[in-house]
**Student:** 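Below are the structure tokens for one structure; questions will follow.
When a residue number appears, it is its place in the shown sequence, counting from 1.
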Amino acid sequence: MSPPSVLARAPAKINLALHVGPVRGDGYHELATVYEAIDVYDEVRATPRNDPAVSVETVDPAGWPVVGVGADADHLAVRAAAALRRQCGVETGVHLHVRKDIPVAAGLAGGSADAAAALVACAALWGLGLDRPELLDVAAGLGSDVPFALVGGTAVGTGRGERVQPLPAAPATTWVLVTSTPGLSTPAVYARTDSMRAGHDLPAAGFDGETPAGDVLLADLLAAVRSGDADRIATGLHNDLQPAATRLRPGLAGVLAAGRAAGALAGLVSGSGPSLLLLVRGDAHAAAVATAVTSAATGALAGVRVRTVHGTGTGAAVVDDPPARLGGG
Ligand code: C5P
């Protein structure tokens with residue numbers, strides 16, 4: 001009989017606000033951010049192996065191998081499965097088949113989505129029965145954005161981003177997402193941000209993990225998110241990494257300007273870039289803006305893809321339950 005397998009998926013994230021504090025002793029930056037999950041997903045199918053190894057294969061939605069993700073031991077999905085095995089004393093190995101729709105090194109936390117989907121798939125495959133806090137703990141050890149990829153929806157992130165407080169209100173946002181290649185290195189964008197802000201006073205007082213909802217930096221945006229009003233959300237969007245990302249990839253600024261000229265409510269760089277987000281009123285508005293920015297983007301950037309995406313309430317979850325059986329067994 002073919003072995004059982006478990007399929008899970010996890011969403012990409014965007015940051016409606018990303019306030020970056022001073023660099024900490026451990027090299028990370030203290031953040032105050034509002035995450036939103038969008039309806040672009042990576043899927044991970046976990047299948048038991050006959051040996052104790054953890055292996056991975058990564059393909060795009062058309063089934064072609066994806067370049068630019070880490071080799072086996074560096075792949076975040078592999079690190080997630082390995083961490084779970086260690087934590088729970090699991091002895092069997094697992095093969096992870098990752099289907100990536102989230103572009104690599106794009107500022108959309110695709111690697112974190114792979115890790116979160118792998119955690120959920122392996123926990124189900126191995127029948128670990130972990131509760132959410134235990135899974136969030138493992139997730140935080142894997143990367144700053146992994147806990148949010150588990151939770152999804154809309155959430156405040158503090159600490160280095162790993163302390164996540166879900167928000168009850170998930171506004172029905174629609175965005176034109178402009179992705180391009182090559183990716184940008186997240187550490188390089190943070191480092192450039194530090195050098196561009198050297199000597200400036202940073203609002204460290206706002207980075208209070210205990211009372212993030214009252215955080216002065218996020219207050220306006222959180223009120224806008226509660227209202228669900230796209231015009232108010234547009235005025236609250238903010239990304240401290242944007243100046244560095246647009247410096248490192250000069251073509252981005254012109255595409256943002258083209259989006260605003262085409263009637264988008266607002267535009268910003270997604271996380272550490274180079275993906276761009278244009279907030280629109282709905283799908284019809286998105287289609288009009290997408291047409292206008294496509295020509296600007298293809299003139300200024302390489303590997304351009306323009307698509308309409310939406311905020312989503314989902315986080316990482318098993319897709320087919322009970323587990324599917326491969327090979328018709
Ligand atoms: O946590 P993660 O591995 O995703 O972070 C990748 C890199 O991004 C870190 O090595 C660091 O350079 C940068 N980073 C940061 N401050 C954060 C999150 C990430 O400096 N809060």
Side-chain angles (χ1 to χ4, degrees), residues 8-21 28-44 76-77 79-80 83-84 100-121 123 130-171 173 175 177 186 189-190 207 209 212-213 215 217-218 221-222 225 237-241 268-273 275 277 309-317:
R9 69 173 192 173
K13 67 85 198 168
I14 61 176
N15 303 82
L16 304 181
L18 179 51
H19 295 274
V20 178
Y28 284 91
H29 296 73
E30 200 69 14
L31 303 183
T33 186
V34 177
Y35 290 112
E36 182 178 56
I38 55 170
D39 57 356
V40 180
Y41 301 94
D42 281 359
E43 290 181 351
V44 175
L76 263 181
R79 289 177 42 206
L84 210 51
K100 280 201 80 62
D101 199 19
I102 308 172
V104 178
L108 296 168
S112 302
D114 299 348
L119 285 178
V120 167
L130 293 175
D131 59 21
R132 205 111 270 230
E134 288 172 302
L135 221 44
L136 284 170
D137 230 37
V138 181
L142 294 164
S144 308
D145 294 331
V146 183
F148 176 71
L150 276 179
V151 169
T154 308
V156 170
T158 52
R160 61 184 168 86
E162 90 287 9
R163 285 209 300 262
V164 170
Q165 288 200 348
L167 294 172
T173 50
W175 308 84
L177 170 67
T186 302
V189 175
Y190 272 100
F207 296 81
D215 189 319
L217 290 169
L218 299 178
L221 175 64
L222 291 175
V225 165
L237 299 176
H238 179 82
N239 183 0
D240 274 343
L241 298 179
L268 82 169
V269 170
S270 180
S272 53
S275 300
L277 293 158
V309 301
H310 309 89
T312 175
T314 35

**Student:** Over all heavy atoms of both residues, which pair between Ala83 and Leu142 is shortest? Give the atoms and the distance, please.
**Tutor:** CB-CD2, 4.3 Å
**Student:** Grab the two heavy atoms, one from Ala109 and one from Lys13, that are nearest each other, plus how far apart they are.
**Tutor:** CB-CG, 3.3 Å
**Student:** Can any side-chain N or O of Ser275 pair as donor or acceptor with the backbone N or O of Ala106 at less than 3.5 Å?
**Tutor:** yes
**Student:** Using every non-hydrogen atom in the two residues, find where Ala116 and Ala10 come nearest and quote the distance to one decimal.
**Tutor:** CB-CB, 4.3 Å
**Student:** Could you tell me whether the side chain of Val156 reaches within less than 4.5 Å of the side chain of Leu222, counting heavy atoms only?
**Tutor:** yes
**Student:** Assess whether side-chain contact (heavy atoms from CB on, under 4.5 Å) is satisfied between Leu84 and Leu130, documenting all intermediate values.
**Tutor:** CA-CA 10 Å; Leu84 210 51; Leu130 293 175; 3.6 Å; yes
**Student:** Check whether any side-chain heavy atom of Tyr28 lies under 4.5 Å from a side-chain heavy atom of Glu162, and answer yes or no.
**Tutor:** no
**Student:** Are the side chains of Leu177 and Leu277 in contact, using a 4.5 Å heavy-atom criterion?
**Tutor:** yes
**Student:** Which of these passes side-chain hydrogen bond (donor to acceptor under 3.5 Å, both in side chains) with Asn15: Asn239, Asp240, Asp145, Thr33?
**Tutor:** Thr33
**Student:** For the atom pair CG (Leu237) and CG (Leu18), what is the distance rounded to the nearest 0.5 Å?
**Tutor:** 12.0 Å
**Student:** Taking Tyr35 for the side chain and Gly161 for the main chain, is one N or O donor matched with an acceptor at less than 3.5 Å?
**Tutor:** yes
**Student:** Determine whether Glu36 and Thr173 satisfy the following criterion, side-chain contact (heavy atoms from CB on, under 4.5 Å), listing intermediate values before the conclusion.
**Tutor:** CA-CA 9 Å; Glu36 182 178 56; Thr173 50; 2.9 Å; yes
**Student:** Would you say the side chain of Thr186 lies within less than 4.5 Å of the side chain of Leu241, judging by non-hydrogen atoms?
**Tutor:** no
**Student:** If you compare all heavy atoms of Ala139 against all heavy atoms of Val146, which two are closest, and at what distance to 0.1 Å?
**Tutor:** O-CB, 3.4 Å
**Student:** Carefully, step by step, assess Thr314 and Tyr41 under the rule side-chain contact (heavy atoms from CB on, under 4.5 Å).
**Tutor:** CA-CA 10 Å; Thr314 35; Tyr41 301 94; 3.1 Å; yes
**Student:** Enter the distance from Arg160:CZ to Glu30:CD here, rounded to the nearest 0.5 Å.
**Tutor:** 10.5 Å
**Student:** At their closest point, which heavy atom of Val138 faces which heavy atom of Leu119, and how far apart are they?
**Tutor:** CG1-CD2, 3.9 Å
**Student:** For the pair Thr158 (side chain) and Ala32 (backbone), establish whether a donor and an acceptor sit closer than 3.5 Å, ignoring hydrogens and angles.
**Tutor:** no
**Student:** Could you tell me whether the side chain of Ile14 reaches within less than 4.5 Å of the side chain of Leu108, counting heavy atoms only?
**Tutor:** yes
**Student:** Specify the closest pair of heavy atoms between Thr312 and Pro11, including all atoms of both residues, with the distance to one decimal.
**Tutor:** CG2-CB, 4.5 Å
**Student:** Roughly how far, to the nearest 0.5 Å, is CG of Asp114 from CZ of Arg79?
**Tutor:** 12.0 Å
**Student:** Does Asp42 offer a backbone N or O that forms a donor-acceptor pair with the side chain of Asp101 under 3.5 Å?
**Tutor:** no
**Student:** NE2/His19 to CG/Leu218 distance, rounded to the nearest 0.5 angstrom?
**Tutor:** 5.0 Å
